[in-house]
Undergrad: 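Below are the C-alpha cells for one structure; questions will follow.
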Amino acid sequence: MPSKEWLRHCEATLRRPKIKGEENITSRENSYGKYAHSTIASHLETNTQFQKYHNTRAGHGFAAEDANALNDTLHGRHVEKVGLSNELNGPDRIVNGVPIQTKYYQSPKDTINSAFDSSGYRYGGQQIEVPSDQYEDCINLMKKKIIDGRVRDENGHTISDPSQAEQLVKKGSITYAQAKNIAKAGNIDSLIFDAKNNVISSSYTGGISFLISFARYKWNGYSTQNAIKSSLVDAFHSGGIAMLIGIASSQIIRTRSAAAMTVLVRHGLKPLYGTAIGKTAIEAIARASLGRAIYGAAAVNYVSKLMRSNFITSSVSTAIMTAPDFYRAAISRNISWAQFGKNLVVNVAGVAGGVGGWAAGAATGAAIGSFLPIIGTGIGGIAGGLLGALCGGTGASKVAKAGLDPFIKDDAKEMYELLEPVTEEICMEYLLSEEEVALFIEHIKSTIDASWLRTMYGSGKTNFSRKMFAKNTLSEFCDSLICHRKKIEPPSEELYHEEVNNFVDSLIVEMDTVPALA
C-alpha cells in the first residue's frame, strides 16, 4: 500500500493549476499577442491611410504612399510621414532628410504631368516618386520638361540640365498595378503589404512577451539557457498571433462596411466632444496613440477611426482565440460546450480589458517617454500601451473566470479530480515501492498537460470511460517499470518450516506471559 506521503504528493501534483510540462502550453495558448489588438489598431491608424483607399479615383495613390514609406522603414531609413497633414504641395514624406512626393497614375505621361500646373513644376526641392514599371519613361519625360524650361528648384531658379531628371525622379518600390491591388482586400499584393506592415507592431509584442516569459521561467527555476529558448518560442507565438490579428484586421478595414462604421462612430463622438470630460478623454486618447497633440475635429476624426479599428481588431482577436476551442468542442469533442462558453466569456472580457488597459498604459508611457530623450513619446506610448493592455486584459480575464468558476467547473479541474483515485488505484495494483512511486510521479508530471487532459476528456462521454483511458495510459509506464524489478526467489522448504516453527514458539511464549483472567 502506498505511503501517506505519496498520497499527499500525488494529490498536490494533480490538483495544482500548472504542472511541469504544462507551463509552455499554457503560456502559448494564453498568448500575450491576443492583448495587442489595441496597439495594432493604433499602429494601423498612425501608419496607414486605409480610410482613403476607398476613393475609386485616387485610393491607389494613398496605397502607394503607404507601401513606399513602409519599404523605406523596413530598409532602416528614417521616415517622417508629414503628408498626413495634407499641406498643399507639401511632401508626402521625408526620408533621411529628402522630401518626397508620390505620384502614381495609369501612364508615365499622366504621372509626370500630375507634378505640373500652368506655372510649371509644383514641387520644387522635392523628388517625384513614380511606379517602378514607369521609371525609365518618366525620366525621359522629365528631361523634356527641363529642356522646355518648366522645372524650377526650391529657390525658384530654372533647372536647365536634363541630367538632373534622375535626381528629381525616384523609382518607387511597387508598380502601378500593385498599388491598385494594395488598395483592395483579398489579393496577394494587399496581403503581402499587410504582412510587412504588421511586422513592426508584432515585433513590439514579441519583444515584451520575451521579457515577461523570461522572467517567469527564471522564477520557476529554469536555467538561463533554457529560459531563453522557451521565451523565444513564446515570443514567436505571441508575435505570430499579433501578426495574424493585424493582417486579418487590415483586410477588413479596407471594406466599405468599415468606412460606414467610422461615420457612425464619428456621429456618436461629436456630442461627447462637446462635454468637458469627453473632450479631455478624446484628446488624451489621440495624443497617446499619435505621440503628439491634436484638437477639435482632427481629434474626433482620428479617435473615430481608432475606435473603428479597435472594434475590428478586438473582434478578430476574439475570433482567433475562440476558433481552437470551437474546433475542440464541435469537431474533436475534447472539451465541453460549457467550457467553450466559459472560455469565450473570459476571452471577451480579456479583450475588453485590454482596450482600457491600452488607453491608460499608452497615455502613461507617452508621458514618461516625453521626459526620456532616448525613448521618446512614440516608443513610450507603444510600450506603455502593450503593458497596459496585458495588465488590463489578464486582470479582466481573471475576474471573469473567478466570477464563472462557482457556476461552471473547468474541464481540466474535473479531469484532475478523476485522476486522483486512478493514480492511487494504480499504485495499489502494482504494489509500487517508494523508489517506484517517485519515478511514477515524474512520469505523471512529464505526461499530463493541457493537451493530454483534453484527450482524456474526449476519450468518452462518461467519467468511467475517461478514468479507464487515464488508467490504461498511465499503467503502460508501470508495466515497463515493474519489468526492472529484481527477481524474487521463494525461500527453501527447510528454511520456511524452520521460521514457521520459530514464529509459533514465540507466540506460545508471549501467551504464557499474559495474566490469566480472574
Side-chain angles (χ1 to χ4, degrees), residues 36-52 62 65-66 69-70 73 78-95 97 99 197 200-201 204 253 261-314 354-389 391-392:
H37 49 86
S38 291
T39 299
I40 293 169
S42 177
H43 174 77
L44 293 178
E45 289 306 325
T46 304
N47 294 278
T48 61
Q49 303 174 80
F50 283 142
Q51 189 72 17
K52 299 176 182 178
F62 296 112
E65 291 178 21
D66 290 341
L70 176 62
T73 299
H78 179 66
V79 179
E80 300 175 70
K81 298 191 72 173
V82 295
L84 298 178
S85 63
N86 296 317
E87 178 186 350
L88 181 63
N89 293 336
D92 293 320
R93 70 184 187 281
I94 299 175
V95 180
N197 189 42
I200 299 172
S201 56
Y204 284 118
I253 291 174
M261 189 187 304
T262 306
V263 175
L264 292 175
V265 175
R266 188 184 299 118
H267 283 313
L269 287 182
K270 283 182 178 178
L272 182 63
Y273 190 78
T275 66
I277 296 178
K279 180 180 180 181
T280 301
I282 290 172
E283 291 178 352
I285 292 173
R287 182 170 58 253
S289 178
L290 284 170
R292 57 184 174 83
I294 57 173
Y295 307 96
V300 172
N301 289 337
Y302 179 80
V303 173
S304 298
K305 293 187 291 181
L306 182 61
M307 290 181 66
R308 178 276 318 271
S309 296
N310 247 310
F311 175 81
I312 292 173
T313 56
S314 297
V355 174
W358 170 83
T364 303
I368 295 174
S370 64
F371 294 102
L372 303 174
I374 297 177
I375 297 178
T377 303
I379 300 298
I382 293 172
L386 278 170
L387 291 172
C391 293

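Throughout, numbering of the chain's residues begins at 1 and tracks the sequence. Being a predicted model, the structure only gives us computed values, none of them experimental.
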Undergrad: Could you check whether any side-chain N or O of T275 sits under 3.5 Å from a backbone N or O of P271, counting only pairs where one atom can act as donor and the other as acceptor?
TA: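 Judged by distance alone, no pair lies under 3.5 Å.
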
Undergrad: Just how far is it from atom CG of N197 to atom CZ of F50, taken to the nearest 0.5 Å?
TA: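 N197 CG to F50 CZ: 6.0 Å, rounded to 0.5 Å.
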
Undergrad: How would you list, by chain and number, every residue that makes a salt bridge (Lys or Arg N to Asp or Glu O under 4.0 Å) with R93, sequence neighbours excluded?
TA: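 Scan of R93 (salt bridge (Lys or Arg N to Asp or Glu O under 4.0 Å), adjacent residues dropped) gives D72, E129.
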
Undergrad: How long is the span from the NZ atom in K279 to the CD1 atom in I277, to the nearest 0.5 Å?
TA: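 One gets 13.5 Å once the value is rounded to the nearest 0.5 Å.
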
Undergrad: For residues S304 and L269, report the shortest heavy-atom separation together with the two atoms involved.
TA: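 Taking every non-hydrogen atom into account, OG-CD1, 3.4 Å.
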
Undergrad: Output, in order, the C-alpha distance, side-chain angles, deciding distance and verdict of side-chain contact (heavy atoms from CB on, under 4.5 Å) for V303 and V265.
TA: CA-CA 9 Å; V303 173; V265 175; over 6 Å; no

Undergrad: List the atom of F311, the atom of M261, and the distance in Å for their closest heavy-atom pair.
TA: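 Looking at all heavy atoms of both residues, the shortest contact is CD2-SD, 3.8 Å.
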
Undergrad: Could you measure the distance from the CD1 atom of I282 to the CG atom of L272? Nearest 0.5 Å is fine.
TA: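 Separation between the atoms: 4.5 Å.
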
Undergrad: Locate the shortest heavy-atom distance separating V82 from P91; write the atom from each residue and the value.
TA: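 Closest heavy-atom pair between V82 and P91: CG2-O, 3.5 Å.
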
Undergrad: For D66 and Q49, indicate whether the former's side chain and the latter's backbone hold a donor-acceptor pair under 3.5 Å.
TA: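 At least one qualifying donor-acceptor pair exists.
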
Undergrad: When you compare the side chain of I253 with that of R308, does any pair of heavy atoms fall below 4.5 Å?
TA: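 Answer yes - side chains close enough.
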
Undergrad: State, to 0.1 Å, how close N47 and K81 come at their nearest heavy-atom pair, and which atoms those are.
TA: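 In terms of heavy atoms, the two residues are closest at O-NZ, 2.9 Å.
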
Undergrad: Is a side-chain donor or acceptor of Y295 paired with a backbone partner of E283 at a separation under 3.5 angstrom?
TA: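 No.
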
